[in-house]
Amino acid sequence: MPGIVIVGTQWGDEAKGKITDLLAKDADCIVRYNGGANAGHTVVVEGKTYKFHLIPSGVLHGKRVYLGNGVVVDPEILLDELENLGREGFQPDLHISDRAHVVFSFHKLEDGLQERLKGSLRAGTTKRGIGPTYSDKAARFGIRIADLLDEETLKAKLDVLVDLKQKIINQVYGEDVKLDKKEILEEASRFGRAVSNYVCDVSAEINEALDKGETVIFEGAQGTLLDIDHGLYPYGTSSSTIAGGACIGAGVSPKRIDEIIGVMKAYTSRVGTGPLPTELKNSIGERIREVGKEYGTTTGRPRRVGWLDLVPVKYSIRLNSIDKLVITKLDVLSGLNPLKICIKYRCGNKIIDTMPADIRTFEKCEPIYEELEGWEANVNWERIVKGGYEALPEQAKEYIQRIEEHVKVPISIISVGPERRETIILDK
Ligand code: IMP
(Lines give C-alpha, C1' and ligand atoms only; values in the text may rest on other atoms or scores of the structure.)
Protein backbone atom coordinates (compact mmCIF):
# COMPACT_ATOMS: atom_id res chain seq x y z
CA MET A 1 0.00 0.00 0.00
CA PRO A 2 2.46 2.70 -1.08
CA GLY A 3 0.69 6.09 -0.80
CA ILE A 4 -1.28 6.53 2.45
CA VAL A 5 -2.84 9.80 3.63
CA ILE A 6 -3.66 10.32 7.30
CA VAL A 7 -6.25 13.05 7.67
CA GLY A 8 -8.16 14.60 10.56
CA THR A 9 -11.94 14.28 10.28
CA GLN A 10 -12.84 16.97 12.82
CA TRP A 11 -11.29 20.23 14.05
CA GLY A 12 -7.74 18.93 14.46
CA ASP A 13 -6.20 17.40 17.60
CA GLU A 14 -7.63 13.98 16.72
CA ALA A 15 -4.35 12.35 17.85
CA LYS A 16 -3.04 11.98 14.31
CA GLY A 17 0.50 12.19 15.69
CA LYS A 18 0.11 8.96 17.64
CA ILE A 19 -1.47 7.20 14.65
CA THR A 20 1.19 8.44 12.23
CA ASP A 21 3.89 7.24 14.62
CA LEU A 22 2.16 3.85 14.89
CA LEU A 23 1.85 3.37 11.14
CA ALA A 24 5.28 4.85 10.42
CA LYS A 25 6.86 1.62 11.71
CA ASP A 26 5.91 -0.08 8.43
CA ALA A 27 6.51 2.93 6.17
CA ASP A 28 9.64 4.15 4.43
CA CYS A 29 9.01 7.84 4.73
CA ILE A 30 6.59 10.39 6.15
CA VAL A 31 5.78 13.72 4.54
CA ARG A 32 3.93 16.69 5.96
CA TYR A 33 1.95 18.50 3.32
CA ASN A 34 0.21 21.45 4.99
CA GLY A 35 0.26 23.91 7.84
CA GLY A 36 3.24 24.83 9.93
CA ALA A 37 4.11 25.18 13.59
CA ASN A 38 0.43 25.74 14.38
CA ALA A 39 0.22 21.93 14.51
CA GLY A 40 1.06 20.07 17.67
CA HIS A 41 1.66 16.36 17.28
CA THR A 42 2.15 14.40 20.47
CA VAL A 43 3.75 10.96 20.55
CA VAL A 44 4.23 8.99 23.78
CA VAL A 45 6.73 6.14 23.81
CA GLU A 46 7.58 4.18 26.96
CA GLY A 47 6.27 6.96 29.19
CA LYS A 48 8.24 9.69 27.42
CA THR A 49 6.28 12.42 25.65
CA TYR A 50 7.55 13.95 22.42
CA LYS A 51 5.84 17.02 20.95
CA PHE A 52 6.37 18.13 17.39
CA HIS A 53 5.13 21.22 15.63
CA LEU A 54 6.94 20.85 12.33
CA ILE A 55 8.93 17.63 12.12
CA PRO A 56 6.74 14.70 10.99
CA SER A 57 5.75 12.27 13.75
CA GLY A 58 7.43 9.24 12.14
CA VAL A 59 10.83 10.65 13.05
CA LEU A 60 11.08 8.49 16.19
CA HIS A 61 11.28 5.35 14.01
CA GLY A 62 14.32 6.79 12.25
CA LYS A 63 12.44 7.02 8.94
CA ARG A 64 13.04 9.64 6.24
CA VAL A 65 10.87 12.64 7.02
CA TYR A 66 9.86 15.40 4.63
CA LEU A 67 8.39 18.88 4.82
CA GLY A 68 6.55 19.35 1.54
CA ASN A 69 6.08 22.53 -0.46
CA GLY A 70 2.65 23.06 1.15
CA VAL A 71 4.18 23.54 4.61
CA VAL A 72 5.15 26.94 5.98
CA VAL A 73 8.42 26.67 7.87
CA ASP A 74 9.21 28.67 11.00
CA PRO A 75 13.03 28.65 11.22
CA GLU A 76 13.19 29.21 14.97
CA ILE A 77 10.86 26.32 15.76
CA LEU A 78 12.43 23.94 13.26
CA LEU A 79 15.94 24.51 14.61
CA ASP A 80 14.63 24.12 18.14
CA GLU A 81 13.02 20.77 17.32
CA LEU A 82 16.17 19.54 15.61
CA GLU A 83 18.22 20.53 18.64
CA ASN A 84 15.80 18.85 21.07
CA LEU A 85 15.73 15.67 19.00
CA GLY A 86 19.54 15.70 18.84
CA ARG A 87 19.66 15.91 22.63
CA GLU A 88 17.42 12.82 22.81
CA GLY A 89 19.77 10.95 20.49
CA PHE A 90 17.73 11.27 17.28
CA GLN A 91 19.42 12.48 14.10
CA PRO A 92 16.41 13.07 11.83
CA ASP A 93 16.81 12.15 8.18
CA LEU A 94 15.06 15.38 7.28
CA HIS A 95 14.30 16.72 3.80
CA ILE A 96 12.77 20.17 3.28
CA SER A 97 11.13 21.30 0.08
CA ASP A 98 12.92 24.10 -1.72
CA ARG A 99 9.42 25.39 -2.54
CA ALA A 100 8.13 25.59 1.05
CA HIS A 101 7.50 29.13 2.30
CA VAL A 102 9.24 30.72 5.28
CA VAL A 103 7.48 32.24 8.30
CA PHE A 104 9.11 35.45 9.56
CA SER A 105 8.65 37.18 12.89
CA PHE A 106 6.70 39.97 11.16
CA HIS A 107 4.17 37.33 10.02
CA LYS A 108 3.58 36.39 13.66
CA LEU A 109 3.18 40.04 14.59
CA GLU A 110 0.74 40.55 11.72
CA ASP A 111 -1.22 37.43 12.77
CA GLY A 112 -1.99 39.05 16.14
CA LEU A 113 -2.84 42.41 14.57
CA GLN A 114 -5.22 40.80 12.07
CA GLU A 115 -7.00 38.94 14.83
CA ARG A 116 -7.41 42.17 16.80
CA LEU A 117 -8.93 43.91 13.78
CA LYS A 118 -11.33 41.05 13.02
CA GLY A 119 -12.99 41.19 16.43
CA SER A 120 -15.77 38.59 16.60
CA LEU A 121 -14.71 37.20 13.21
CA ARG A 122 -11.29 36.21 14.55
CA ALA A 123 -10.47 32.48 14.35
CA GLY A 124 -8.54 32.43 17.63
CA THR A 125 -5.35 31.59 15.74
CA THR A 126 -2.24 30.03 17.23
CA LYS A 127 -0.39 33.32 16.45
CA ARG A 128 2.24 31.33 14.58
CA GLY A 129 2.03 33.59 11.52
CA ILE A 130 0.24 30.96 9.46
CA GLY A 131 -2.42 33.14 7.80
CA PRO A 132 -0.07 36.02 6.87
CA THR A 133 2.54 33.61 5.43
CA TYR A 134 -0.01 31.82 3.24
CA SER A 135 -1.47 35.22 2.21
CA ASP A 136 1.97 36.36 1.07
CA LYS A 137 2.42 33.07 -0.79
CA ALA A 138 -0.88 33.57 -2.64
CA ALA A 139 -0.07 37.21 -3.39
CA ARG A 140 3.39 36.14 -4.60
CA PHE A 141 5.27 38.20 -2.03
CA GLY A 142 6.47 35.10 -0.17
CA ILE A 143 10.01 33.91 0.50
CA ARG A 144 10.66 30.26 -0.26
CA ILE A 145 13.31 28.01 1.25
CA ALA A 146 15.22 28.08 -2.06
CA ASP A 147 15.46 31.87 -1.79
CA LEU A 148 17.34 31.56 1.50
CA LEU A 149 20.17 29.84 -0.32
CA ASP A 150 20.69 32.68 -2.76
CA GLU A 151 21.79 35.90 -1.07
CA GLU A 152 20.93 38.16 -3.99
CA THR A 153 17.40 36.85 -4.50
CA LEU A 154 16.78 36.86 -0.78
CA LYS A 155 17.88 40.47 -0.44
CA ALA A 156 15.77 41.63 -3.40
CA LYS A 157 12.66 39.84 -2.17
CA LEU A 158 13.03 40.82 1.48
CA ASP A 159 13.57 44.42 0.44
CA VAL A 160 10.07 44.57 -1.03
CA LEU A 161 8.42 42.41 1.62
CA VAL A 162 9.86 44.19 4.67
CA ASP A 163 8.93 47.61 3.22
CA LEU A 164 5.39 46.38 2.64
CA LYS A 165 5.10 44.93 6.16
CA GLN A 166 6.52 48.10 7.68
CA LYS A 167 3.76 50.14 6.00
CA ILE A 168 1.06 47.67 7.04
CA ILE A 169 2.20 47.61 10.66
CA ASN A 170 2.53 51.39 10.98
CA GLN A 171 -0.10 52.77 8.63
CA VAL A 172 -2.84 50.13 8.69
CA TYR A 173 -2.58 48.89 12.25
CA GLY A 174 -1.07 52.05 13.76
CA GLU A 175 1.59 50.08 15.64
CA ASP A 176 4.83 51.83 16.53
CA VAL A 177 7.16 49.00 15.53
CA LYS A 178 10.30 49.39 13.43
CA LEU A 179 11.41 46.31 11.52
CA ASP A 180 15.17 45.88 11.21
CA LYS A 181 15.71 44.89 7.59
CA LYS A 182 19.41 44.12 8.04
CA GLU A 183 18.77 41.85 11.02
CA ILE A 184 15.90 40.06 9.23
CA LEU A 185 18.15 39.44 6.24
CA GLU A 186 21.01 38.17 8.39
CA GLU A 187 18.72 35.82 10.33
CA ALA A 188 17.19 34.46 7.15
CA SER A 189 20.63 33.82 5.63
CA ARG A 190 21.78 32.15 8.84
CA PHE A 191 18.76 29.84 8.76
CA GLY A 192 19.41 29.10 5.08
CA ARG A 193 22.95 28.01 5.91
CA ALA A 194 21.74 25.90 8.86
CA VAL A 195 19.24 23.93 6.75
CA SER A 196 20.97 23.93 3.36
CA ASN A 197 21.90 20.25 3.64
CA TYR A 198 18.25 19.27 4.14
CA VAL A 199 16.87 21.22 1.17
CA CYS A 200 15.73 19.24 -1.85
CA ASP A 201 12.97 18.80 -4.43
CA VAL A 202 10.55 16.88 -2.20
CA SER A 203 8.13 16.14 -5.02
CA ALA A 204 10.92 14.46 -7.01
CA GLU A 205 12.04 12.39 -4.02
CA ILE A 206 8.53 11.31 -3.02
CA ASN A 207 7.62 10.33 -6.58
CA GLU A 208 10.84 8.35 -6.83
CA ALA A 209 10.07 6.59 -3.53
CA LEU A 210 6.60 5.68 -4.82
CA ASP A 211 8.10 4.46 -8.13
CA LYS A 212 10.31 2.10 -6.13
CA GLY A 213 7.24 0.74 -4.32
CA GLU A 214 8.14 2.33 -1.02
CA THR A 215 5.40 3.18 1.46
CA VAL A 216 4.91 6.91 1.91
CA ILE A 217 2.69 8.34 4.64
CA PHE A 218 1.27 11.79 3.96
CA GLU A 219 0.69 13.22 7.41
CA GLY A 220 -2.12 15.78 7.48
CA ALA A 221 -2.04 18.57 10.03
CA GLN A 222 -5.14 20.18 11.58
CA GLY A 223 -8.50 18.73 10.53
CA THR A 224 -11.01 18.82 7.68
CA LEU A 225 -13.23 21.38 9.42
CA LEU A 226 -10.30 23.81 9.53
CA ASP A 227 -9.61 23.53 5.77
CA ILE A 228 -9.29 26.87 3.94
CA ASP A 229 -11.96 25.90 1.37
CA HIS A 230 -14.08 23.24 2.99
CA GLY A 231 -13.77 24.16 6.67
CA LEU A 232 -15.93 26.56 8.62
CA TYR A 233 -14.66 29.71 6.95
CA PRO A 234 -13.46 32.08 8.40
CA TYR A 235 -12.97 30.05 11.61
CA GLY A 236 -10.34 27.73 10.19
CA THR A 237 -6.73 27.77 9.14
CA SER A 238 -5.15 28.91 5.84
CA SER A 239 -4.03 25.63 4.28
CA SER A 240 -5.56 22.62 2.54
CA THR A 241 -5.94 20.22 5.43
CA ILE A 242 -7.95 17.62 3.48
CA ALA A 243 -6.52 14.53 1.78
CA GLY A 244 -6.45 16.35 -1.57
CA GLY A 245 -3.99 18.76 0.06
CA ALA A 246 -1.43 15.94 0.06
CA CYS A 247 -1.20 16.12 -3.73
CA ILE A 248 -0.79 19.89 -3.78
CA GLY A 249 1.41 20.12 -0.70
CA ALA A 250 3.80 17.30 -1.55
CA GLY A 251 3.76 17.44 -5.35
CA VAL A 252 2.19 14.07 -6.21
CA SER A 253 -0.68 13.17 -8.50
CA PRO A 254 -4.00 11.95 -7.05
CA LYS A 255 -3.20 8.70 -8.88
CA ARG A 256 -0.44 8.04 -6.34
CA ILE A 257 -2.71 7.90 -3.32
CA ASP A 258 -3.80 4.36 -2.50
CA GLU A 259 -5.41 4.65 0.88
CA ILE A 260 -6.95 7.40 2.98
CA ILE A 261 -7.19 6.95 6.72
CA GLY A 262 -9.41 9.31 8.69
CA VAL A 263 -8.69 9.93 12.35
CA MET A 264 -11.65 10.73 14.58
CA LYS A 265 -11.72 11.43 18.29
CA ALA A 266 -14.44 9.55 20.24
CA TYR A 267 -15.92 12.96 21.06
CA THR A 268 -15.55 16.47 19.63
CA SER A 269 -12.96 19.08 20.53
CA ARG A 270 -11.72 22.30 19.09
CA VAL A 271 -9.55 25.25 19.98
CA GLY A 272 -10.39 28.68 18.71
CA THR A 273 -13.65 30.34 17.90
CA GLY A 274 -16.71 29.47 15.79
CA PRO A 275 -19.90 27.51 16.42
CA LEU A 276 -19.67 23.98 17.85
CA PRO A 277 -23.17 22.45 18.03
CA THR A 278 -22.41 19.61 20.46
CA GLU A 279 -20.28 21.71 22.83
CA LEU A 280 -20.68 20.77 26.51
CA LYS A 281 -20.38 23.81 28.74
CA ASN A 282 -21.08 21.82 31.89
CA SER A 283 -19.50 19.34 34.29
CA ILE A 284 -19.51 16.57 31.64
CA GLY A 285 -17.48 18.86 29.36
CA GLU A 286 -15.10 19.69 32.21
CA ARG A 287 -14.67 16.02 32.97
CA ILE A 288 -13.89 15.14 29.35
CA ARG A 289 -11.41 18.05 29.18
CA GLU A 290 -9.61 16.92 32.33
CA VAL A 291 -9.57 13.18 31.62
CA GLY A 292 -8.70 13.73 27.95
CA LYS A 293 -6.08 16.40 28.81
CA GLU A 294 -7.72 18.66 26.27
CA TYR A 295 -5.30 21.55 26.32
CA GLY A 296 -3.67 22.83 23.11
CA THR A 297 -0.24 21.32 22.37
CA THR A 298 0.83 24.55 20.68
CA THR A 299 -0.85 27.23 22.77
CA GLY A 300 -1.83 25.46 26.02
CA ARG A 301 -5.37 26.83 25.62
CA PRO A 302 -8.20 24.72 27.10
CA ARG A 303 -9.98 23.03 24.22
CA ARG A 304 -13.74 23.27 23.86
CA VAL A 305 -15.24 19.79 24.04
CA GLY A 306 -18.55 18.17 23.18
CA TRP A 307 -20.32 14.94 22.28
CA LEU A 308 -19.25 13.14 19.14
CA ASP A 309 -20.76 14.94 16.15
CA LEU A 310 -21.11 12.66 13.16
CA VAL A 311 -22.30 15.41 10.80
CA PRO A 312 -18.77 16.84 10.32
CA VAL A 313 -17.33 13.31 10.31
CA LYS A 314 -19.64 12.25 7.46
CA TYR A 315 -18.79 15.49 5.64
CA SER A 316 -15.09 14.60 6.04
CA ILE A 317 -15.68 11.10 4.77
CA ARG A 318 -17.22 12.52 1.60
CA LEU A 319 -14.54 15.17 1.06
CA ASN A 320 -11.64 12.81 1.71
CA SER A 321 -13.05 9.51 0.44
CA ILE A 322 -11.97 7.86 3.64
CA ASP A 323 -11.30 4.11 3.40
CA LYS A 324 -10.81 3.42 7.10
CA LEU A 325 -11.41 5.27 10.31
CA VAL A 326 -9.32 5.33 13.44
CA ILE A 327 -11.13 6.21 16.66
CA THR A 328 -8.98 7.74 19.37
CA LYS A 329 -9.43 8.50 23.07
CA LEU A 330 -12.26 6.01 23.52
CA ASP A 331 -11.02 5.48 27.10
CA VAL A 332 -11.83 9.11 27.96
CA LEU A 333 -15.57 8.37 27.76
CA SER A 334 -15.41 5.69 30.48
CA GLY A 335 -17.87 6.26 33.31
CA LEU A 336 -20.16 8.63 31.36
CA ASN A 337 -23.73 7.42 31.12
CA PRO A 338 -25.61 7.88 28.86
CA LEU A 339 -23.37 8.74 25.90
CA LYS A 340 -24.68 10.88 23.09
CA ILE A 341 -23.88 10.92 19.39
CA CYS A 342 -25.13 13.73 17.16
CA ILE A 343 -26.49 12.27 13.93
CA LYS A 344 -28.24 15.26 12.33
CA TYR A 345 -28.96 18.95 12.94
CA ARG A 346 -32.24 20.73 13.43
CA CYS A 347 -31.93 24.10 11.74
CA GLY A 348 -35.12 26.14 12.14
CA ASN A 349 -37.81 23.89 10.70
CA LYS A 350 -35.38 21.90 8.59
CA ILE A 351 -33.44 18.72 9.42
CA ILE A 352 -30.00 18.66 7.78
CA ASP A 353 -27.13 16.18 7.84
CA THR A 354 -24.34 18.12 6.20
CA MET A 355 -22.32 21.23 6.97
CA PRO A 356 -23.88 24.50 5.82
CA ALA A 357 -21.52 26.97 4.12
CA ASP A 358 -22.74 30.06 5.91
CA ILE A 359 -21.91 30.58 9.53
CA ARG A 360 -25.25 32.15 10.49
CA THR A 361 -27.09 28.99 9.44
CA PHE A 362 -24.54 26.83 11.22
CA GLU A 363 -24.91 28.88 14.39
CA LYS A 364 -28.60 28.01 14.41
CA CYS A 365 -28.01 24.25 14.08
CA GLU A 366 -29.08 22.21 17.08
CA PRO A 367 -27.83 18.68 17.47
CA ILE A 368 -30.21 15.73 17.17
CA TYR A 369 -28.78 13.05 19.42
CA GLU A 370 -28.92 9.31 19.64
CA GLU A 371 -28.33 8.05 23.18
CA LEU A 372 -26.27 5.02 24.00
CA GLU A 373 -25.50 3.26 27.24
CA GLY A 374 -22.05 4.08 28.62
CA TRP A 375 -19.57 1.66 30.18
CA GLU A 376 -18.13 1.60 33.67
CA ALA A 377 -15.43 4.00 34.87
CA ASN A 378 -12.95 1.41 36.07
CA VAL A 379 -11.92 -0.36 32.92
CA ASN A 380 -8.68 -2.30 32.81
CA TRP A 381 -7.46 -1.04 29.45
CA GLU A 382 -4.22 -2.96 29.66
CA ARG A 383 -6.16 -6.23 29.82
CA ILE A 384 -8.46 -5.09 27.01
CA VAL A 385 -5.56 -4.15 24.73
CA LYS A 386 -4.15 -7.65 25.25
CA GLY A 387 -7.57 -9.25 24.61
CA GLY A 388 -8.35 -7.13 21.53
CA TYR A 389 -11.73 -5.98 20.29
CA GLU A 390 -13.66 -8.85 21.89
CA ALA A 391 -12.41 -7.81 25.32
CA LEU A 392 -13.98 -4.33 25.06
CA PRO A 393 -17.00 -3.64 27.30
CA GLU A 394 -20.19 -4.52 25.37
CA GLN A 395 -21.34 -0.87 25.50
CA ALA A 396 -18.04 0.28 23.94
CA LYS A 397 -18.51 -2.25 21.11
CA GLU A 398 -22.03 -0.91 20.64
CA TYR A 399 -20.63 2.66 20.49
CA ILE A 400 -18.18 1.62 17.74
CA GLN A 401 -20.83 -0.32 15.81
CA ARG A 402 -23.36 2.51 15.88
CA ILE A 403 -20.74 4.92 14.51
CA GLU A 404 -19.90 2.48 11.72
CA GLU A 405 -23.59 2.05 10.88
CA HIS A 406 -24.07 5.81 10.65
CA VAL A 407 -20.94 6.68 8.69
CA LYS A 408 -20.68 3.45 6.64
CA VAL A 409 -16.90 3.26 6.94
CA PRO A 410 -15.10 0.62 9.03
CA ILE A 411 -13.21 1.54 12.16
CA SER A 412 -9.88 -0.25 11.82
CA ILE A 413 -7.92 1.04 14.81
CA ILE A 414 -9.13 1.88 18.31
CA SER A 415 -6.84 3.98 20.49
CA VAL A 416 -7.40 3.81 24.24
CA GLY A 417 -4.44 5.78 25.58
CA PRO A 418 -1.56 7.98 24.47
CA GLU A 419 1.07 5.21 24.40
CA ARG A 420 1.86 3.35 21.16
CA ARG A 421 0.93 0.07 22.82
CA GLU A 422 -2.49 1.33 24.00
CA THR A 423 -4.02 0.48 20.67
CA ILE A 424 -6.37 -2.20 19.33
CA ILE A 425 -5.83 -3.01 15.66
CA LEU A 426 -8.78 -4.62 13.93
CA ASP A 427 -8.57 -6.71 10.82
CA LYS A 428 -10.73 -4.45 8.60
P1 IMP B 1 -3.97 29.28 12.60
O2 IMP B 1 -3.79 28.01 11.86
O3 IMP B 1 -2.93 29.50 13.66
O4 IMP B 1 -4.10 30.46 11.68
O5 IMP B 1 -5.37 29.22 13.40
C6 IMP B 1 -6.62 29.17 12.72
C7 IMP B 1 -7.61 28.29 13.47
O8 IMP B 1 -7.19 26.93 13.36
C9 IMP B 1 -7.72 28.59 14.95
O10 IMP B 1 -9.08 28.35 15.35
C11 IMP B 1 -6.80 27.57 15.58
O12 IMP B 1 -7.14 27.28 16.92
C13 IMP B 1 -7.00 26.37 14.67
N14 IMP B 1 -5.84 25.48 14.59
C15 IMP B 1 -4.68 25.69 13.93
N16 IMP B 1 -3.87 24.64 14.06
C17 IMP B 1 -4.50 23.74 14.79
C18 IMP B 1 -4.17 22.41 15.22
O19 IMP B 1 -3.12 21.85 14.92
N20 IMP B 1 -5.13 21.78 15.97
C21 IMP B 1 -6.32 22.35 16.27
N22 IMP B 1 -6.67 23.57 15.87
C23 IMP B 1 -5.78 24.26 15.14
Side-chain angles (χ1 to χ4, degrees), residues 6-20 32-43 51-57 67 70-74 77 81 101 103-105 107-138 219-242 245 249 263-265 267-276 279 289 292-306 312 316 328-329 359 362:
I6 296 179
V7 67
T9 62
Q10 297 157 312
W11 276 271
D13 308 319
E14 299 94 349
K16 294 179 295 296
K18 166 178 167 167
I19 303 307
T20 306
R32 270 220 25 209
Y33 60 83
N34 76 295
N38 50 347
H41 294 163
T42 308
V43 182
K51 291 187 183 194
F52 304 109
H53 297 289
L54 272 167
I55 297 202
S57 308
L67 296 179
V71 173
V72 289
V73 182
D74 183 324
I77 293 176
E81 287 188 3
H101 280 246
V103 182
F104 288 87
S105 51
H107 286 127
K108 294 182 237 185
L109 175 64
E110 208 183 352
D111 196 343
L113 296 172
Q114 285 182 353
E115 286 276 278
R116 195 178 71 190
L117 184 78
K118 284 179 179 171
S120 65
L121 286 175
R122 74 189 189 284
T125 72
T126 57
K127 309 261 170 70
R128 295 291 174 111
I130 304 300
T133 308
Y134 279 115
S135 306
D136 283 348
K137 172 180 173 176
E219 180 185 14
Q222 291 86 45
T224 297
L225 274 298
L226 293 173
D227 183 84
I228 182 70
D229 289 282
H230 303 283
L232 279 183
Y233 194 87
Y235 300 111
T237 190
S238 301
S239 68
S240 296
T241 62
I242 58 170
V263 186
M264 169 186 72
K265 203 179 270 193
Y267 47 92
T268 299
S269 78
R270 84 149 294 169
V271 273
T273 53
L276 196 64
E279 184 165 11
R289 185 177 306 111
K293 300 192 176 62
E294 294 295 349
Y295 293 89
T297 314
T298 303
T299 59
R301 287 181 288 181
R303 294 181 186 138
R304 299 158 65 196
V305 298
S316 296
T328 60
K329 297 192 141 183
I359 287 298
F362 191 52

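Everything numeric in this text was worked out from a predicted model, so none of it was measured. Atoms within each ligand, like the ligands themselves, are counted from 1 in listed order.
Nearest non-hydrogen protein atom to atom 17 (C) of ligand 1 is Gln222 CG, 3.4 Å. Atom 6 (C) of ligand 1 has Gly236 O, 3.1 Å as its closest protein atom, hydrogens excluded (heavy atom only). Among protein heavy atoms, atom 14 (N) of ligand 1 sits closest to Leu226 CD1, 3.8 Å. For atom 21 (C) of ligand 1, the closest non-hydrogen atom on the protein side is Asp13 OD2, 3.1 Å. Protein heavy atom at the shortest distance from atom 5 (O) of ligand 1 is Thr125 CA, 3.3 Å. Looking from atom 2 (O) of ligand 1 to the surrounding protein, the closest heavy atom is Thr237 OG1, 2.6 Å. The shortest contact between atom 3 (O) of ligand 1 and any protein heavy atom is with Thr126 OG1, 2.5 Å. The single protein non-hydrogen atom nearest to atom 11 (C) of ligand 1 is Gly124 O, 3.6 Å, given as residue, atom name and distance.
Residue contact check for ligand 1: Arg270 places a non-hydrogen atom closer than 4.0 Å to it. Within the structure, ligand 1 has Ala39 among the residues with a heavy atom less than 4.0 angstrom away.
Near Trp11, with a cut-off below 4.0 Å to any heavy atom, the atoms of ligand 1 are 21 (C), 22 (N). Short contacts between ligand 1 and Ala123, defined as distances under 4.0 Å to a heavy atom of the residue, involve ligand atoms 9 (C), 10 (O).
By the neighbour-count criterion of 12 heavy atoms within 6.0 Å, atom NZ of Lys118 is densely surrounded, having more than that number from other residues, nucleotides or ligands.
At a 4.0 Å heavy-atom cut-off, ligand 1 touches Arg301 through the side chain alone.
Looking at Ser269 and Asp13, their side chains never bring a donor and an acceptor atom within 3.5 Å of each other. Donor-acceptor pairing under 3.5 Å is recorded for the side chains of His107 and Asp136. Arg128 and Thr126 share no donor-acceptor pair across their side chains, judged by distance under 3.5 Å alone.
Using a distance-only test at 3.5 Å, with no hydrogens or angles considered, a donor-acceptor pair links the side chain of Lys329 to the main chain of Gly292. Remark: the backbone N or O of Ser57 is paired with a side-chain donor or acceptor of Glu219 at under 3.5 angstrom. Side-chain atoms of Thr224 come within 3.5 Å of backbone N or O of Gly8 as a donor-acceptor pair.
Considering backbone and side-chain N/O atoms, Asn38 comes within less than 3.5 Å of an N/O atom of ligand 1. At under 3.5 Å, not a single nitrogen or oxygen of Arg128, backbone or side chain, sits near a nitrogen or oxygen of ligand 1. Checking only distances, Tyr235 never comes within under 3.5 Å of ligand 1, N or O to N or O.
Residues Tyr33 and Thr241 come closest through the heavy atom pair OH-O, 3.3 Å. Nearest heavy-atom pair, His41 versus Arg32, reported as atom, atom and distance to 0.1 Å: CE1-CD, 4.2 Å.
Atom CE of Met264 and atom OG1 of Thr9 lie 6.0 Å apart (nearest 0.5 Å).
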